[in-house]
Engineer: 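This is the structure I want to talk about, given as structure tokens.
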Amino acid sequence: MSSVSDEAKRPCLLLAFAALAACGEAPPPAAPDPRPVRVVTVESRGDSTTVSLTGTIQAQTEVNLGFRIDGRMIERLVNVGDRVTAGQVIARLDRTNEENGLRAARAALVAAQAQLVETEANYDRARELLRSGFGTRQRYDQAAQQRQTARSAVDSAQAQVNIAENRLSYSELLADAPGTVTARGAEAGEVVAPGRMIVRLARQDGLDAVFDVPPAVMDRAPPGVIVAVALTLDPVTRATGRVREVSPSADPVTGTFRVRIGLEDPPAGLRLGSTVTGRMQLQGGAGYAIPASALTRQGSAAAVWVVDTATRTVALRPVEILRHDPARAIIGSGLAAGDVVVTAGVQVLRPGQQVRLLDVQP
């Protein structure tokens, strides 16, 4: 009897143990929610930036006007800021010596011409005597030589008169073109040497906006770039221009290059010496622009989190940074157009983690 009862109890015990084992197992953990992240889509290669520089307005051509002869300057008729016209008298020298030199040259010319008249008459007589047989060949040749010498003396005297007239005209300094006087170099009463600057004239044949440009900006400036120039104190007064001249060497102190922008139809408000602001659009060249917040580290190298749009998982990808600033970074390699890059939440991600895209911005 007891053996039968044990066999009957065994199935009940197995069921009880199975029920207890089932009650002791913990339920499987729920899958974690995808982490929300903000992303951008890499769409185009290269970047474009606007560079702003401060410069001044200068004349395209500035010339130093000076006398071609020496002497004592007795009068200067213009001052700094005066506008002059072509042919206007700028200054005068004492003409006494030049006038005396011209009188002496003219007197020498008259004497040479009188000598020529005499030798011409002697030549004519010697020729007639030789033709009639009463003169000698030697005397004829001598008369011909004297006539030629007298002609040369007249030519020389005439040249001296021309030189004296020129020197007399050089005692007045004339403006060769219209413009504005920007500097003076001598005062009335001074004895000036030839070529000394009496006034500096800014010609009215155009204006330049002059800037000191860093090498990095020069390297990125495309050919024929258009520069917008505006008056710093009045931005409404503006003009546009193109690069006209670039200094071949850098300034030894600042390391910048002097660039002159030729302005097209500048308004009257852009005066000489005015401070202006120039803006131009520069191309970044190779590279992809992404927000600087997308950068993280993979060991010692820079990296970004790239989203697989099919599985919505992230992977850490090393990249090469060409340049960066607090707002963005230019990536040289490691990215391609169309990649979706995480820009917010990069510190808490792990490889293969699923994410939820909050927005996708180019």
Engineer: At what distance, to the nearest 0.5 angstrom, does CG of L53 lie from OG1 of T256?
Structural biologist: 10.0 Å
Engineer: Does S171 reach the main-chain N or O of L93 with its side chain, forming a donor-acceptor pair under 3.5 Å?
Structural biologist: no
Engineer: Tell me whether E128 is salt-bridged to R125, with the criterion being a basic N under 4.0 Å from an acidic carboxylate O.
Structural biologist: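 Judged by the 4.0 Å cut-off on N to carboxylate O distance, E128 and R125 do not form a salt bridge.
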Engineer: Is a side-chain N or O of D94 found less than 3.5 angstrom from the main chain of T96, in a donor-acceptor match?
Structural biologist: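 Yes, the answer is positive, given that a donor and an acceptor are paired below the 3.5 Å cut-off.
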Engineer: Taking NZ, NE, NH1 and NH2 as the nitrogens, is one of them in R258 or E245 under 4.0 Å from a carboxylate oxygen of the other?
Structural biologist: no
Engineer: Rounded to the nearest 0.5 Å, how far apart are CD of E172 and CZ of R95?
Structural biologist: 6.0 Å
Engineer: For the atom pair CZ (R68) and CG (L173), what is the distance rounded to the nearest 0.5 Å?
Structural biologist: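 Going from the CZ atom of R68 to the CG atom of L173 covers 11.0 Å.
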Engineer: Report the C-alpha distance between E98 and I69 in whole Å, list the side-chain angles of each, state the deciding distance to 0.1 Å, and finish with yes or no for side-chain contact (heavy atoms from CB on, under 4.5 Å).
Structural biologist: CA-CA 10 Å; E98 280 64 40; I69 59 175; 3.8 Å; yes
Engineer: Using atom types as modelled and distance alone, determine if a side-chain donor or acceptor of R76 lies under 3.5 Å from a backbone N or O of A186.
Structural biologist: yes
Engineer: Hey, could you give me the CD/CG distance between E99 and L102, rounded to the nearest 0.5 Å?
Structural biologist: 8.5 Å
Engineer: Can you confirm whether the side chains of T277 and T232 place a donor and an acceptor under 3.5 Å from each other?
Structural biologist: yes
Engineer: Working to the nearest 0.5 angstrom, can you tell me the gap between I226 CD1 and R242 CZ?
Structural biologist: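 That separation rounds to 4.0 Å.
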Engineer: Ignoring hydrogens and geometry beyond distance, is a side-chain donor-acceptor pair present between N162 and Q158 at under 3.5 Å?
Structural biologist: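 A donor-acceptor contact under 3.5 Å links the two side chains.
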Engineer: Which value, rounded to the nearest 0.5 Å, describes the distance between D208 atom CG and T56 atom OG1?
Structural biologist: 10.0 Å
Engineer: With sequence neighbours excluded, give me every salt bridge (Lys or Arg N to Asp or Glu O under 4.0 Å) pair touching residues 102-118.
Structural biologist: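 Non-adjacent pairs meeting salt bridge (Lys or Arg N to Asp or Glu O under 4.0 Å): R106-E165.
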Engineer: Does either side chain, that of N79 or that of R184, offer a donor lying less than 3.5 Å from an acceptor on the other one?
Structural biologist: yes
Engineer: Under 3.5 Å, is there a donor-acceptor pair between the side chain of S152 and the main chain of Q148?
Structural biologist: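 Such a contact is found between S152 side chain and Q148 backbone.
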